[in-house]
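Report on the following structure.
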Amino acid sequence: MFAKVLIANRGEIAVRVARTCRVMGIPTVAVYSEADRGALHPREADEAVLVGPAEAARSYLDIDAVLAAAKRTGADAVHPGYGFLSQNADFAEAVLRAGLTFIGPPPDVHRAMGDKQAARRRMAASGVPVVPGYEGDDQSDGALLAAAREVGWPVILKPSRGGGGKGMRVVRSAEDFPSALAASRREARGAFGDDRMVLERYLEKPRHVEVQVLGDTHGHLVHLFERECSIQRRHQKIVEETPSPALTPERRAALCAAGLAAARAAAYVNAGTVEFLLAPDGSFYFLEVNTRLQVEHAVTEAITGLDLVRLQIEIAAGKALPFGPDEVSAQGHALECRLYAEDPDHDDRPAPGRVLHYAAPEGPGIRFDSGVVAGSEVTVHYDPMLAKLVTWGRDRGEAVARMRAALRRTVVLGVTTNLARLQAIVDHPAFRAGALHTGFIEEHLAAPAPPVGPPPEALAAAHAALRLSRGAGSPEAAASDPWETLGPWRLA
Amino acid sequence: MGDAGPVAARVSVELVAPGIFVWRDDDHVETFHCVRDGEVVHLFWRGTAYRLEADGQSSRSAHRVVPGALEAPMPGRVIAVRVEPGQAVTKGQELLVVEAMKMENALRAPRDGTVKSVAARPGDMVSPGVVLVELE
């Protein structure tokens, strides 16, 4: 086993990886930027190395700086987490060249799956269903428009080297096509330095389902069932669950088999996820392979009882999978809600600030993986996800009920969060009925809820709380304090 | 609180840890969270986070229009009047007490002055915006 693992990430996932390493008795090294001096994740590791300034390109994305930190601390393996360098083939290669182990798939798997055109071709050739589309080398405006006509409207434009929803656009007619194509190319160039596009039939009201796969270096490949991640905002998942409420046992078996086939076609090693779109008629189409641990891996852990980070580490260390293809069973249902410092009423704008007060929900079937604590600063530099709330239940109804209760006991004060939106999602009759699709939020929760003031007793409580917090101040100070002279109140 | 009226259930609030409070109201006990950041108060009450600002300094406040007039802050019942017309008061002095939302709230003098009028007696029900005391 490894002598020391460097965690090339920050926030929730860095904390989560450190936690498993601690259980396994492996010392850890955190890296952090100047903006993260006070962050939680450096404290959760045994050692912490400053790797650069706030700007991610010069710290968390700086391959040389990260490798120098590994060398200096004597780490012999690197866990990339998700995001940042996790799917970067050059990084995986640089780690190997430095004589260290990369806890993830080998560089050529990243490379093959990172190119969406190549990935689709490979999957189609292996019999994995793909959405009708175009991934040709002729990238001229004319060729793309002709392809769009042939595929049929609406189509979705996607950067060939994209991810995270950037540069993606739905186009519903030939008239809108030229301007949408220009905009997607601009965004793709800016975000990925590559403006090649793939084009696909856009499925209306599709569900997003994905299959968790695990492969070891001895040629064993297994799946750990599916997850449904249809609840998204700006093409980014915010609520995930397993099993998918949309699948019959037969469709589930077919989907998981397709996921395994895709992983086999990719010669997959370590933990990965094969994403599919599921149409209302039960047909599904390959989207892409995520060559990393997913944010939502915790719901799979909840129903299988497995620790995916541990399995990743064991696979990277050359161990064979401890179970065969049919030896993993799933029990119950799990949900995840991603808690973000963002403002759902203002285009999900990130809401930086200091977390002044923080309390996690507790109870049977509740897991709270957090990257922040009270006092943490949420900066503008990184993804504003604060924590993941996971609930498990014997069935979906129990998992949802636990989530609804847990969301009402999740306290984050000081920064604006999407907590009210998460509550609205899991409270919604359509969600409770399992009627999900990727446009769920636009369909059901597009209009921002009107701001509701606190009930009168809450204001009284706040008044009393403020007095108690302050202690007995002088009457004079109290009189000059706007909270003491009892003026009208308003929502800020 | 004097003679108990129809809404006069005794409420108490207790600080149990920084930012964490317990509200007691007859047989009902619950936790709430509250922290202050300058002019902004962050309150977590029954599953919802609120961000509140005291409006006393804002331009639409009636306090600005009539500098000496002190209004009822919220619907409630006057339970004590501590001053009478002509009396000199100092900044911060308690002028009267309004029981609102099951809590007693003191209305204090925002500055030194003389009480010009008192428009409330103990037991009066008052509404927000009603001038209770004028200073000159």
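Residue numbers start from 1 in every chain, and the chains themselves are labelled A, B, ... in the order their sequence lines are given, proteins ahead of strands. Values below: all heavy atoms of this structure, side chains included; hydrogens, waters and symmetry mates excluded.
- Of the two parts of A/Ala359, only the side chain, counted from C-beta on, holds a non-hydrogen atom closer than 4.5 Å to a non-hydrogen atom of chain B.
- If you measure heavy-atom distances from A/Thr410 to chain B, the contacts under 4.5 Å come from the backbone alone.
- Under the 3.5 Å distance criterion, with hydrogens and angles disregarded, no donor-acceptor pair is assigned to the side chains of A/Ser376 and A/Tyr358.
- The part of B/Phe21 that comes within reach of chain A is its side chain, from C-beta onward, which places non-hydrogen atoms under 4.5 angstrom from that chain.
- The number of heavy-atom neighbours closer than 6.0 Å to CZ of A/Arg396, taken from other residues, nucleotides and ligands shown, is above 12.
- For chain B, the option among A/His357, A/Arg354, A/Arg408, A/Gln423 with the highest count of heavy-atom pairs below 4.5 Å is A/His357.
- Using modelled atom types and a 3.5 Å distance limit, the side chains of A/Glu377 and A/Thr379 yield no donor-acceptor pair.
- The aromatic rings of A/His428 and A/His444 are tilted relative to each other, their planes meeting at an angle between 30° and 60°.
- For A/Ala465, the parts lying under 4.5 angstrom from a heavy atom of chain B are both the backbone and the side chain.
- The contact between B/Glu14 and chain A is made entirely by backbone atoms, counting heavy-atom distances below 4.5 Å.
- One distance of note links CZ of A/Arg233 with CG of A/Leu445; it measures 13.5 Å at 0.5 Å rounding.
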